[in-house]
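Below is one structure, written out as C-alpha coordinates; comments come after it.
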Amino acid sequence: MESLTFSQKLTQFFLSWLVLFIAWLGFTSTLAIQEVITGLLVSLLIALFTSRFFVCCDVSIFAPAKLFYVFYYLFVFLIELIKSNLDVARRVISPTLPINPGIVKFKTNLTSEYGRMVLANSITLTPGTLSVDIIDDTFYIHWIDVKTLDPVETHREIAEKFEKILLKIF
Amino acid sequence: MRDILEIIGLILLLIGGIFLFLGGLGIFRMPDTYNRLQAGTKATTLGGMSVILGVGFLEPGWIIKAMVLVIFIAFSNPISSHALARANYKRKNYPYLKGGAEYDQYREVYVNQENKEENK
Amino acid sequence: MVNMIIYITLGFMITGIFFAVLRFIKGPTAADRTVALDTLTTIAMALLVLLAFVFKRFIYVDVALVYGVLGFIGVLVIARYLEGAL
(Lines give C-alpha, C1' and ligand atoms only; values in the text may rest on other atoms or scores of the structure.)
Protein backbone atom coordinates (compact mmCIF):
# COMPACT_ATOMS: atom_id res chain seq x y z
CA MET A 1 0.00 0.00 0.00
CA GLU A 2 1.38 3.44 -0.91
CA SER A 3 1.89 5.92 1.88
CA LEU A 4 -0.78 8.56 2.33
CA THR A 5 -0.40 12.23 3.15
CA PHE A 6 -1.48 13.52 6.56
CA SER A 7 -4.73 15.05 5.34
CA GLN A 8 -5.62 11.81 3.56
CA LYS A 9 -4.97 9.87 6.76
CA LEU A 10 -7.20 12.29 8.64
CA THR A 11 -10.03 11.82 6.10
CA GLN A 12 -9.54 8.09 6.33
CA PHE A 13 -9.81 8.20 10.11
CA PHE A 14 -12.92 10.37 10.22
CA LEU A 15 -14.67 8.41 7.48
CA SER A 16 -14.07 5.10 9.22
CA TRP A 17 -15.25 6.64 12.51
CA LEU A 18 -18.43 7.82 10.78
CA VAL A 19 -19.09 4.43 9.16
CA LEU A 20 -18.55 2.58 12.43
CA PHE A 21 -20.80 4.99 14.30
CA ILE A 22 -23.58 4.56 11.73
CA ALA A 23 -23.21 0.80 12.08
CA TRP A 24 -23.52 1.19 15.87
CA LEU A 25 -26.67 3.30 15.52
CA GLY A 26 -28.16 0.69 13.23
CA PHE A 27 -27.34 -2.22 15.51
CA THR A 28 -28.67 -0.60 18.68
CA SER A 29 -31.44 1.30 16.81
CA THR A 30 -32.05 3.74 19.66
CA LEU A 31 -31.21 7.40 20.21
CA ALA A 32 -30.96 7.31 24.03
CA ILE A 33 -28.18 9.64 25.08
CA GLN A 34 -26.04 7.12 26.96
CA GLU A 35 -26.14 4.68 24.04
CA VAL A 36 -25.06 7.40 21.61
CA ILE A 37 -22.15 8.48 23.81
CA THR A 38 -20.99 4.89 24.29
CA GLY A 39 -21.24 4.37 20.54
CA LEU A 40 -19.15 7.46 19.81
CA LEU A 41 -16.43 6.32 22.22
CA VAL A 42 -16.40 2.69 21.07
CA SER A 43 -16.30 3.59 17.37
CA LEU A 44 -13.56 6.16 18.07
CA LEU A 45 -11.48 3.45 19.74
CA ILE A 46 -12.00 0.95 16.92
CA ALA A 47 -11.32 3.63 14.29
CA LEU A 48 -8.02 4.51 16.01
CA PHE A 49 -6.77 0.95 15.58
CA THR A 50 -8.29 -0.07 12.27
CA SER A 51 -8.60 3.07 10.14
CA ARG A 52 -5.42 2.23 8.25
CA PHE A 53 -7.21 -0.76 6.66
CA PHE A 54 -10.05 1.46 5.50
CA VAL A 55 -9.84 1.99 1.73
CA CYS A 56 -10.94 5.52 1.00
CA CYS A 57 -10.02 9.06 0.24
CA ASP A 58 -12.31 9.54 -2.71
CA VAL A 59 -15.00 11.71 -1.12
CA SER A 60 -16.62 12.43 -4.49
CA ILE A 61 -18.81 9.33 -4.22
CA PHE A 62 -21.00 11.22 -1.72
CA ALA A 63 -22.06 13.80 -4.34
CA PRO A 64 -25.85 14.22 -4.34
CA ALA A 65 -26.05 14.02 -8.13
CA LYS A 66 -25.11 10.36 -7.88
CA LEU A 67 -27.94 9.54 -5.50
CA PHE A 68 -30.31 8.91 -8.39
CA TYR A 69 -27.98 6.29 -9.81
CA VAL A 70 -27.65 4.63 -6.40
CA PHE A 71 -31.40 4.16 -6.19
CA TYR A 72 -31.60 3.07 -9.83
CA TYR A 73 -28.85 0.53 -9.10
CA LEU A 74 -30.72 -0.81 -6.07
CA PHE A 75 -33.87 -1.18 -8.18
CA VAL A 76 -32.07 -3.09 -10.95
CA PHE A 77 -30.32 -5.20 -8.33
CA LEU A 78 -33.57 -6.15 -6.60
CA ILE A 79 -35.12 -7.32 -9.87
CA GLU A 80 -32.02 -9.37 -10.67
CA LEU A 81 -32.09 -10.89 -7.17
CA ILE A 82 -35.67 -12.07 -7.61
CA LYS A 83 -34.90 -13.41 -11.11
CA SER A 84 -31.89 -15.29 -9.79
CA ASN A 85 -33.95 -16.90 -7.06
CA LEU A 86 -36.59 -18.10 -9.49
CA ASP A 87 -33.76 -19.47 -11.65
CA VAL A 88 -32.20 -21.36 -8.73
CA ALA A 89 -35.62 -22.62 -7.65
CA ARG A 90 -36.27 -24.00 -11.14
CA ARG A 91 -32.92 -25.79 -11.22
CA VAL A 92 -33.27 -27.24 -7.72
CA ILE A 93 -36.79 -28.55 -8.19
CA SER A 94 -36.44 -30.08 -11.67
CA PRO A 95 -35.60 -33.79 -11.27
CA THR A 96 -32.79 -33.88 -13.88
CA LEU A 97 -30.74 -30.97 -12.41
CA PRO A 98 -30.22 -28.93 -15.65
CA ILE A 99 -26.74 -27.56 -14.93
CA ASN A 100 -23.60 -27.11 -17.02
CA PRO A 101 -21.13 -25.55 -14.59
CA GLY A 102 -17.75 -23.99 -15.26
CA ILE A 103 -15.50 -21.09 -14.26
CA VAL A 104 -15.24 -18.24 -16.77
CA LYS A 105 -13.28 -14.99 -16.73
CA PHE A 106 -13.69 -11.46 -17.98
CA LYS A 107 -12.00 -8.07 -17.63
CA THR A 108 -13.81 -5.20 -16.00
CA ASN A 109 -13.67 -1.50 -16.91
CA LEU A 110 -14.12 -0.35 -13.32
CA THR A 111 -11.01 1.17 -11.75
CA SER A 112 -12.18 1.95 -8.20
CA GLU A 113 -11.79 -0.68 -5.47
CA TYR A 114 -15.28 -0.05 -4.12
CA GLY A 115 -16.80 -0.35 -7.56
CA ARG A 116 -15.16 -3.73 -8.04
CA MET A 117 -16.33 -4.89 -4.61
CA VAL A 118 -19.93 -3.88 -5.27
CA LEU A 119 -19.80 -5.50 -8.73
CA ALA A 120 -18.41 -8.77 -7.31
CA ASN A 121 -21.05 -8.93 -4.60
CA SER A 122 -23.81 -8.13 -7.07
CA ILE A 123 -22.59 -10.83 -9.44
CA THR A 124 -22.80 -13.35 -6.63
CA LEU A 125 -26.48 -12.58 -6.19
CA THR A 126 -27.48 -12.51 -9.86
CA PRO A 127 -28.78 -15.47 -11.88
CA GLY A 128 -26.47 -18.47 -11.88
CA THR A 129 -23.18 -16.73 -11.16
CA LEU A 130 -20.79 -16.72 -8.18
CA SER A 131 -17.59 -14.67 -8.07
CA VAL A 132 -14.64 -16.86 -7.11
CA ASP A 133 -11.65 -14.52 -7.35
CA ILE A 134 -10.56 -11.08 -8.49
CA ILE A 135 -6.98 -10.64 -9.69
CA ASP A 136 -6.31 -7.00 -10.69
CA ASP A 137 -9.03 -6.34 -13.26
CA THR A 138 -9.88 -9.95 -14.09
CA PHE A 139 -12.95 -11.50 -12.51
CA TYR A 140 -13.23 -15.28 -12.24
CA ILE A 141 -16.86 -16.32 -12.10
CA HIS A 142 -18.38 -19.71 -11.41
CA TRP A 143 -21.31 -20.00 -13.80
CA ILE A 144 -23.92 -22.67 -13.21
CA ASP A 145 -24.98 -22.79 -16.87
CA VAL A 146 -22.08 -21.80 -19.13
CA LYS A 147 -23.32 -20.28 -22.39
CA THR A 148 -20.05 -18.93 -23.78
CA LEU A 149 -16.33 -19.14 -22.99
CA ASP A 150 -15.27 -15.95 -24.79
CA PRO A 151 -14.29 -13.23 -22.24
CA VAL A 152 -15.98 -10.39 -24.15
CA GLU A 153 -19.23 -12.31 -24.53
CA THR A 154 -19.11 -13.31 -20.86
CA HIS A 155 -18.63 -9.71 -19.85
CA ARG A 156 -21.68 -8.71 -21.84
CA GLU A 157 -23.80 -11.54 -20.45
CA ILE A 158 -22.90 -11.19 -16.77
CA ALA A 159 -21.60 -7.77 -15.88
CA GLU A 160 -22.58 -5.13 -18.37
CA LYS A 161 -25.89 -3.97 -17.00
CA PHE A 162 -24.41 -3.40 -13.53
CA GLU A 163 -21.18 -1.92 -14.80
CA LYS A 164 -22.96 0.74 -16.87
CA ILE A 165 -24.56 2.14 -13.72
CA LEU A 166 -21.55 1.62 -11.45
CA LEU A 167 -19.28 3.54 -13.85
CA LYS A 168 -21.51 6.57 -13.28
CA ILE A 169 -21.36 6.23 -9.49
CA PHE A 170 -17.67 5.50 -8.93
CA MET B 1 -54.46 -0.04 6.57
CA ARG B 2 -53.47 -2.47 9.27
CA ASP B 3 -55.06 -5.32 7.32
CA ILE B 4 -53.17 -4.51 4.13
CA LEU B 5 -49.85 -4.49 6.01
CA GLU B 6 -50.76 -7.82 7.58
CA ILE B 7 -51.59 -9.42 4.22
CA ILE B 8 -48.33 -8.16 2.66
CA GLY B 9 -46.43 -9.47 5.68
CA LEU B 10 -48.04 -12.90 5.47
CA ILE B 11 -47.35 -13.20 1.74
CA LEU B 12 -43.70 -12.24 2.34
CA LEU B 13 -43.49 -14.83 5.13
CA LEU B 14 -44.80 -17.58 2.89
CA ILE B 15 -42.49 -16.69 -0.03
CA GLY B 16 -39.52 -16.52 2.35
CA GLY B 17 -40.35 -19.90 3.86
CA ILE B 18 -40.51 -21.52 0.42
CA PHE B 19 -37.15 -20.03 -0.63
CA LEU B 20 -35.46 -21.08 2.63
CA PHE B 21 -36.73 -24.62 2.03
CA LEU B 22 -35.36 -24.49 -1.54
CA GLY B 23 -32.00 -23.33 -0.19
CA GLY B 24 -31.80 -26.33 2.10
CA LEU B 25 -32.91 -28.70 -0.65
CA GLY B 26 -30.45 -27.08 -3.08
CA ILE B 27 -27.39 -27.67 -0.94
CA PHE B 28 -28.53 -31.25 -0.47
CA ARG B 29 -29.09 -32.02 -4.16
CA MET B 30 -26.32 -30.19 -6.01
CA PRO B 31 -23.28 -32.23 -7.14
CA ASP B 32 -20.32 -30.12 -5.98
CA THR B 33 -19.36 -27.39 -3.53
CA TYR B 34 -19.61 -24.46 -5.97
CA ASN B 35 -23.12 -25.37 -7.07
CA ARG B 36 -24.12 -25.87 -3.46
CA LEU B 37 -22.82 -22.39 -2.69
CA GLN B 38 -24.89 -21.00 -5.57
CA ALA B 39 -28.10 -22.57 -4.34
CA GLY B 40 -27.36 -21.97 -0.66
CA THR B 41 -26.41 -18.32 -0.99
CA LYS B 42 -29.04 -17.05 -3.39
CA ALA B 43 -32.10 -18.83 -2.10
CA THR B 44 -31.37 -18.19 1.56
CA THR B 45 -30.52 -14.53 0.96
CA LEU B 46 -33.89 -13.74 -0.59
CA GLY B 47 -35.68 -16.14 1.78
CA GLY B 48 -34.17 -14.65 4.92
CA MET B 49 -34.73 -11.08 3.73
CA SER B 50 -38.32 -11.87 2.85
CA VAL B 51 -39.17 -13.54 6.18
CA ILE B 52 -37.58 -10.74 8.21
CA LEU B 53 -39.32 -8.03 6.18
CA GLY B 54 -42.56 -9.96 6.56
CA VAL B 55 -42.23 -9.88 10.34
CA GLY B 56 -41.41 -6.16 10.04
CA PHE B 57 -44.71 -5.63 8.21
CA LEU B 58 -46.68 -7.72 10.71
CA GLU B 59 -45.23 -5.80 13.67
CA PRO B 60 -44.64 -2.23 12.37
CA GLY B 61 -42.67 -1.19 15.48
CA TRP B 62 -39.85 -3.57 14.56
CA ILE B 63 -39.32 -2.34 11.02
CA ILE B 64 -36.06 -0.45 11.70
CA LYS B 65 -34.38 -3.46 13.25
CA ALA B 66 -35.75 -5.62 10.45
CA MET B 67 -34.21 -3.30 7.87
CA VAL B 68 -30.85 -3.48 9.67
CA LEU B 69 -31.02 -7.29 9.57
CA VAL B 70 -31.99 -7.27 5.88
CA ILE B 71 -29.06 -5.00 4.98
CA PHE B 72 -26.74 -7.13 7.06
CA ILE B 73 -27.82 -10.32 5.27
CA ALA B 74 -27.49 -8.63 1.87
CA PHE B 75 -23.90 -7.63 2.71
CA SER B 76 -22.62 -10.66 4.57
CA ASN B 77 -23.94 -13.56 2.48
CA PRO B 78 -22.11 -12.80 -0.80
CA ILE B 79 -18.88 -12.07 1.06
CA SER B 80 -18.86 -15.36 2.95
CA SER B 81 -19.78 -17.35 -0.16
CA HIS B 82 -16.98 -15.67 -2.12
CA ALA B 83 -14.46 -16.44 0.63
CA LEU B 84 -15.60 -20.06 0.78
CA ALA B 85 -15.45 -20.52 -3.00
CA ARG B 86 -11.88 -19.20 -3.19
CA ALA B 87 -10.73 -21.22 -0.19
CA ASN B 88 -12.25 -24.32 -1.73
CA TYR B 89 -10.36 -23.79 -4.99
CA LYS B 90 -7.10 -23.23 -3.15
CA ARG B 91 -7.57 -26.61 -1.46
CA LYS B 92 -7.53 -28.17 -4.96
CA ASN B 93 -11.21 -29.14 -4.91
CA TYR B 94 -11.79 -28.52 -8.59
CA PRO B 95 -15.33 -27.92 -9.82
CA TYR B 96 -17.52 -30.60 -11.32
CA LEU B 97 -17.48 -29.97 -15.10
CA LYS B 98 -19.85 -31.41 -17.63
CA GLY B 99 -18.18 -29.99 -20.73
CA GLY B 100 -14.48 -30.83 -20.25
CA ALA B 101 -11.38 -29.06 -18.99
CA GLU B 102 -11.71 -25.87 -21.06
CA TYR B 103 -14.73 -24.91 -18.97
CA ASP B 104 -12.41 -24.19 -16.03
CA GLN B 105 -10.60 -20.97 -16.95
CA TYR B 106 -9.46 -20.33 -13.39
CA ARG B 107 -7.00 -23.24 -13.46
CA GLU B 108 -4.45 -21.23 -15.50
CA VAL B 109 -3.74 -18.92 -12.53
CA TYR B 110 -2.58 -21.82 -10.39
CA VAL B 111 -0.75 -23.58 -13.23
CA ASN B 112 1.28 -20.39 -13.81
CA GLN B 113 2.08 -20.12 -10.10
CA GLU B 114 3.24 -23.72 -9.90
CA ASN B 115 5.47 -23.30 -12.97
CA LYS B 116 7.10 -20.23 -11.44
CA GLU B 117 7.82 -22.11 -8.23
CA GLU B 118 9.37 -24.98 -10.16
CA ASN B 119 11.62 -22.62 -12.16
CA LYS B 120 13.00 -21.10 -8.95
CA MET C 1 -55.42 -17.44 9.18
CA VAL C 2 -52.33 -15.76 10.60
CA ASN C 3 -51.50 -18.81 12.68
CA MET C 4 -52.06 -21.10 9.72
CA ILE C 5 -49.55 -19.27 7.50
CA ILE C 6 -47.01 -19.04 10.31
CA TYR C 7 -47.26 -22.81 10.82
CA ILE C 8 -46.78 -23.44 7.09
CA THR C 9 -43.75 -21.12 7.00
CA LEU C 10 -42.27 -22.82 10.06
CA GLY C 11 -42.81 -26.19 8.37
CA PHE C 12 -40.96 -25.10 5.23
CA MET C 13 -38.09 -23.67 7.26
CA ILE C 14 -37.72 -26.78 9.39
CA THR C 15 -37.68 -28.99 6.28
CA GLY C 16 -34.96 -26.74 4.87
CA ILE C 17 -32.98 -27.08 8.10
CA PHE C 18 -33.42 -30.86 7.89
CA PHE C 19 -31.85 -31.05 4.40
CA ALA C 20 -29.06 -28.65 5.37
CA VAL C 21 -28.24 -30.80 8.41
CA LEU C 22 -28.20 -33.90 6.19
CA ARG C 23 -25.59 -32.18 3.98
CA PHE C 24 -23.70 -31.15 7.12
CA ILE C 25 -23.50 -34.78 8.23
CA LYS C 26 -22.76 -36.17 4.77
CA GLY C 27 -19.89 -33.84 3.93
CA PRO C 28 -17.80 -35.05 2.08
CA THR C 29 -15.25 -32.20 2.47
CA ALA C 30 -14.83 -29.55 5.15
CA ALA C 31 -15.86 -26.85 2.66
CA ASP C 32 -19.20 -28.59 2.05
CA ARG C 33 -19.86 -28.66 5.77
CA THR C 34 -19.04 -24.97 6.02
CA VAL C 35 -21.47 -24.21 3.19
CA ALA C 36 -24.14 -26.09 5.13
CA LEU C 37 -23.23 -24.13 8.27
CA ASP C 38 -23.54 -20.84 6.39
CA THR C 39 -26.98 -21.80 5.09
CA LEU C 40 -28.04 -22.95 8.56
CA THR C 41 -26.98 -19.60 10.02
CA THR C 42 -29.19 -17.65 7.64
CA ILE C 43 -32.16 -19.98 8.14
CA ALA C 44 -31.72 -19.79 11.92
CA MET C 45 -31.65 -15.98 11.79
CA ALA C 46 -34.96 -15.94 9.93
CA LEU C 47 -36.36 -18.54 12.33
CA LEU C 48 -35.36 -16.48 15.38
CA VAL C 49 -37.04 -13.37 13.97
CA LEU C 50 -40.20 -15.35 13.23
CA LEU C 51 -40.18 -16.83 16.74
CA ALA C 52 -39.73 -13.33 18.16
CA PHE C 53 -42.98 -12.44 16.41
CA VAL C 54 -44.75 -15.58 17.61
CA PHE C 55 -43.74 -15.06 21.26
CA LYS C 56 -43.92 -11.23 21.06
CA ARG C 57 -40.41 -10.87 22.49
CA PHE C 58 -38.35 -8.13 20.83
CA ILE C 59 -35.13 -9.35 22.47
CA TYR C 60 -35.07 -12.40 20.15
CA VAL C 61 -34.48 -10.06 17.20
CA ASP C 62 -31.31 -8.85 18.91
CA VAL C 63 -30.32 -12.46 19.45
CA ALA C 64 -30.77 -13.05 15.70
CA LEU C 65 -28.58 -10.05 14.91
CA VAL C 66 -25.76 -11.17 17.20
CA TYR C 67 -26.04 -14.74 15.94
CA GLY C 68 -25.81 -13.52 12.37
CA VAL C 69 -22.70 -11.42 13.05
CA LEU C 70 -20.97 -14.26 14.90
CA GLY C 71 -21.92 -16.82 12.25
CA PHE C 72 -20.61 -14.56 9.48
CA ILE C 73 -17.28 -14.03 11.27
CA GLY C 74 -17.07 -17.75 12.01
CA VAL C 75 -17.55 -18.69 8.35
CA LEU C 76 -14.95 -16.13 7.27
CA VAL C 77 -12.44 -17.48 9.80
CA ILE C 78 -13.05 -21.07 8.69
CA ALA C 79 -12.65 -20.02 5.05
CA ARG C 80 -9.33 -18.31 5.81
CA TYR C 81 -8.18 -21.39 7.68
CA LEU C 82 -9.11 -23.72 4.81
CA GLU C 83 -7.24 -21.40 2.44
CA GLY C 84 -4.10 -21.88 4.52
CA ALA C 85 -3.73 -18.20 5.40
CA LEU C 86 -4.28 -18.59 9.13
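Only heavy atoms go into these numbers, but all of them, side chains included; no hydrogens, no water, no symmetry mates. Order of the sequence lines sets the chain letters (A, B, ...), proteins ahead of strands, with each chain counted from 1.
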> What are the two closest non-hydrogen atoms of A74(B) and L125(A), and how far apart are they?
Replying inline: O-CD1, 4.3 Å
>> Can you tell me how far apart OH (Y34(B)) and CD1 (I144(A)) are? Round to the nearest 0.5 Å.
In response: 14.0 Å
>> Taking atom CD1 as the centre, does I4(B) end up with more than 12 heavy-atom neighbours from other residues, nucleotides or ligands that are less than 6.0 angstrom away?
In response: no
> Checking K65(B) side chain against F27(A) main chain: does a donor-acceptor pair fall under 3.5 Å?
Replying inline: yes
> More than 12 non-hydrogen atoms from neighbouring residues, nucleotides or ligands closer than 6.0 Å to CG on L41(A), yes or no?
Replying inline: yes
> CD1/I82(A) to NZ/K42(B) distance, rounded to the nearest 0.5 angstrom?
Replying inline: 15.0 Å
>> A side-chain contact here means heavy atoms from C-beta on lying under 4.5 Å apart; do L130(A) and S81(B) qualify?
In response: yes
> Which bit of M67(B) comes within less than 4.5 Å of chain A, counting heavy atoms only: side chain, backbone, both or neither?
Replying inline: neither
> What part of T126(A) gets closer than 4.5 Å to chain B, counting heavy atoms only: side chain, backbone, both or neither?
Replying inline: backbone
> Between OG1 of T33(B) and NE2 of H142(A), what distance do you get to the nearest 0.5 Å?
Replying inline: 9.5 Å
> Measuring from N85(A):CG to L22(B):CG, what's the distance to the nearest 0.5 Å?
Replying inline: 9.0 Å
>> Tell me whether R86(B) contacts the main-chain N or O of I134(A) through its side chain, where contact means a donor paired with an acceptor under 3.5 Å.
In response: no
>> Does I64(B) have more than 12 heavy atoms from other residues, nucleotides or ligands lying within 6.0 Å of its CD1?
In response: no
> If you count heavy-atom pairs under 4.5 Å between each of D133(A), V104(A), T28(A), D87(A) and chain B, which one has the most?
Replying inline: D133(A)
>> Please find the pair of heavy atoms, one from V68(B) and one from G26(A), that lie closest to each other, and give the distance.
In response: CG2-O, 3.3 Å
> Say you draw a straight line from CD1 of I93(A) to CZ of F21(B); how long is it, rounded to the nearest 0.5 Å?
Replying inline: 7.5 Å
>> A quick test of your reading: do over 12 heavy atoms of other residues, nucleotides or ligands sit less than 6.0 Å from CZ of F21(A)?
In response: yes
>> At a heavy-atom distance under 4.5 Å, which candidate from L69(B), L46(B), L84(B) has the highest pair count against chain A?
In response: L46(B)
> Which atoms of T129(A) come close to chain B, meaning under 4.5 Å heavy atom to heavy atom: side chain ones, backbone ones, both, or neither?
Replying inline: backbone
>> Can a donor-acceptor pair be found, under 3.5 Å and without considering hydrogens, that links the side chain of Q38(B) to the backbone of T124(A)?
In response: no
> At a heavy-atom separation under 4.5 Å, does V88(A) approach chain B through its side chain, its backbone, both, or neither?
Replying inline: side chain
> Heavy atoms, side chains only, cut-off 4.5 Å: are N121(A) and H82(B) in contact?
Replying inline: no
